[in-house]
Amino acid sequence: MTARLDALDDLKVVNVAEFSKKLAVIAENPAELTPYQQDYLELLQSYEKSLRGDFDGAAVLLESMLARNTEPEIVFRVKALLVNVFAVTRNYRNAFSYLEQVSREVQSVTSTRAKEHGLSVLAYTYNQLSEFDIALFYAQLLINSATSEKALCHGRHHLIESLYGLGQWELFSTNVELSVSHCVNHHELIFANLIRLKYYNYLLLNEQYQQADEYYQSFIDSVTKTNYPFLLAGVLGAAAQNSLALAQYDAAEELARRTLQYSGSSEFSVPVLNAYDVLYQVNHSRGDFNKALEYHIKYTSALKANSDDRFVRQQAYHVAKAEIEVKDQRLALLDKDNELLFLQKNLYQQEVQQNRLIMLLLLLIVALVSFMAYRGMSGRSRFKKMAEYDQLTGISNRYHFNNQARVALDYCELDAKPAALILFDLDYFKNINDQYGHAAGDWALQQVVKTCRNFMRNNDVFGRIGGEEFAVVLPGCHADKAALMAEICRDAIATIDTKGSGYTFPLRASFGVSSSDTSGYQLKQLLADADLAMYKAKQSGRDQVSMYTEELG
């Protein structure tokens, strides 16, 4: 019977309908199963509920299994599945609490099937958290320890995701075809096409639009056969972006609409963002500005929701991690207390062991000195951070911004890549401080930074260079994209609800944009030109974006 359950375990993501049918047959006679097999059956029933979208029911069943005496192998797999179930339902606090437990226990798991499941969950989840170094580590562990071709395919998929996130393009390119072939040869078409989708995005990232179109034609039939909505939405959304880049507006519009159909309830997923962006640009190019505005509003709303969800996810991950670390520290302190009590007892009762106790105390002193040295190093690290980052908003101060910006601009100039700079400050900010107090002004500055950071990439350099003045250097970004980002930030700032400060007041900002195309790669010149453009925005009525042109100079 265990062999039959193992076969069902392998079938669950290959043929969901057949999996459910055969699972129901086994569940008709639970009395014939051993306690281990009954637990295994409940685990598979939890999978079946999650595959049907009943995540709440799956969570209840899984947590009830943790509350009783269950086999360690099953307990580990229950925790791994709970990571996915809670992540899908955006219960990130619980998801990452179990994630930390799985990461601590995975090396000690003896069951090959459970270990492969745990490693796959860890690699996938850390990729979703953009912790690509950690995800790469677990993906490589899964590949090295895999005993089944299915697990090896899953590990290769996670590896491709990690390499893409890290920008390790040489390793990424050399592994794509090998990974796709392996998954196809072992009938893992969903994972094969997820890898193809990642390579398709790589071609779009490098603006190889014609090659990307040919690659899309080569695998879209395979994607369609999987009938997997998440995969279809991802591929069609990327294809819509590619058709837009090729100026195939009718095709781009059709692909974007199909993307929204397959996206279902994913209101702010990447495919949905791609679709709204395409529909906005297509209608804008046709001169239908009403529809363009409608889709632009949907795009910015989805983009904000995506950023908010990403922020909540990251916050929950770090909170869960910190809570477990605090728990470990408390246990360690209790252990230390017990050790000291034991030493004191022996000190009074067994003077013959005095020398041994002294040595133990010396060891404790060495540990304390090491700890204090570590704290000293940590303190220096904190002081360094205080010297480089603005204490109010948490972003780079003027000094650190200048250093980081120059490094980024030097890299762009050396690599012949474009670069842009956005300069903005808050309109009538002095009035806020004067009318509502500096606490309200500080609150406003923090909210502006938090809002704008949602729209920035990891390699963008964001700094506070004055009281209410901010600058962003965007490596690899053309002027038009920088202007669009500035417009999105401007619009987002204008929608900030200031009731959280205790007062209601408008927040507006004026933006100036300069780029290496007209201003070169010297930070001083880029700032000066962006300042001229921002001054023009102020003169033109404020709350707008102005692009630097040579006429302004």
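On a predicted model such as this, the values are computed, not experimentally measured, just so you know.
Taking 4.5 Å as the limit, some side-chain heavy atom of L246 sits within range of a side-chain heavy atom of Q210. In this structure, the side chains of I195 and Y199 stay at 4.5 Å or more apart for every pair of heavy atoms. For the pair Y436 and Y503, the minimum side-chain heavy-atom distance is below 4.5 Å. Y276 is listed as a side-chain neighbour of L260, based on a closest heavy-atom distance under 4.5 Å. Looking at heavy atoms from C-beta onward, F424 lies in side-chain contact with I422 at the 4.5 angstrom threshold. Looking at N433 and K430, their side chains never come closer than 4.5 Å, going by heavy atoms from C-beta outward. Two residues are said to be in side-chain contact when any heavy atoms from C-beta on lie closer than 4.5 Å; L163 and L159 meet this criterion. Counting only heavy atoms from C-beta outward, the side chains of Y98 and T125 never approach each other to under 4.5 Å.
F132 has its ring centre no less than 6.0 Å from the ring centre of Y126.
The pair E487-R490 counts as a salt bridge, with a side-chain nitrogen and a carboxylate oxygen less than 4.0 angstrom apart.
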Step-by-step ring-ring contact (aromatic ring centres under 6.0 Å, His included) determination, H158 to Y138: CA-CA 9 Å; H158 301 319; Y138 285 117; over 10 Å; no
Check step by step if side chain to side chain contact (heavy atoms under 4.5 Å, CB included) holds for V235 and F219. CA-CA 10 Å; V235 173; F219 78 97; 4.0 Å; yes
Decide side chain to side chain donor-acceptor pair (under 3.5 Å) for S515 and H478; before the verdict, give the C-alpha distance in whole Å, the side-chain angles of both, and the deciding distance to 0.1 Å. CA-CA 7 Å; S515 73; H478 289 287; over 6 Å; no
Before giving the answer on salt bridge (Lys or Arg N to Asp or Glu O under 4.0 Å), spell out for R508 and D543 the whole-Å C-alpha distance, their side-chain angles and the decisive distance to 0.1 Å. CA-CA 5 Å; R508 302 289 185 270; D543 189 24; 3.6 Å; yes
Does R286 form a salt bridge (Lys or Arg N to Asp or Glu O under 4.0 Å) with E253? I'd like the steps, not just the answer. CA-CA 12 Å; R286 291 172 175 167; E253 182 179 34; 3.0 Å; yes
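A side-chain donor from one of Q539 and Y535 sits under 3.5 Å from a side-chain acceptor of the other. Checking Q281 against D277 by side-chain atom types alone, a donor-acceptor pair falls below 3.5 Å. No donor-acceptor contact under 3.5 angstrom links the side chains of D529 and S514, judged on distance only. N193 and R196 are linked by a side-chain donor-acceptor pair at a separation below 3.5 angstrom, with hydrogens and angles left out of the test. Looking only at atom types and distance, the side chain of H157 has no donor-acceptor partner in the side chain of S179 under 3.5 Å away.
At most 12 heavy atoms of other shown residues, nucleotides or ligands fall within 6.0 angstrom of atom OH in Y411. Summarising the local packing, CG of N458 is surrounded by 12 or fewer heavy atoms from other residues, nucleotides or ligands at distances under 6.0 Å. Counting non-hydrogen atoms of other residues, nucleotides and ligands closer than 6.0 Å to NZ of K538 gives a total above 12. No more than 12 heavy atoms of other residues, nucleotides or ligands lie within 6.0 Å of CZ in F230, so this atom counts as exposed by the packing criterion. Annotation for Q522: atom CD does not count as buried by contact number, only 12 or fewer foreign heavy atoms lying within 6.0 Å.
Remark: R542 qualifies as a cation-pi partner of Y428 under the 6.0 Å distance and 45° angle criteria applied to the six-membered ring.
N454 contributes atom CG, which lies 7.0 Å from atom NZ of K304 (distance to the nearest 0.5 angstrom). Rounding to the nearest 0.5 angstrom, the gap separating the CG atom in D213 from the CG atom in L204 is 10.0 Å. Rounded to the nearest 0.5 angstrom, E207 CD and L205 CG are separated by 8.5 Å. Rounded to the nearest 0.5 Å, atoms SG (C452) and CZ (F462) are 5.0 Å apart. Atom NE2 in H296 sits 13.0 Å away from atom CG in N283 (nearest 0.5 Å). Annotation: the span from H284 atom NE2 to F289 atom CZ amounts to 5.0 Å, rounded to 0.5 Å.
Cysteine sulfur proximity is satisfied for C183 and C153, their SG distance being under 2.5 angstrom.
Contact between A275 and A256 at its shortest, heavy atoms only, is CB-O, 3.5 Å. Heavy-atom minimum distance, Y521 versus A419: CE2-CB, 4.3 Å.
Results of the salt bridge (Lys or Arg N to Asp or Glu O under 4.0 Å) test with R464 over D442, D425, D390 single out D390 as the only residue that passes.
In this pair, Y202 and W169 present their aromatic rings tilted. The plane angle is within the 30 to 60° band.
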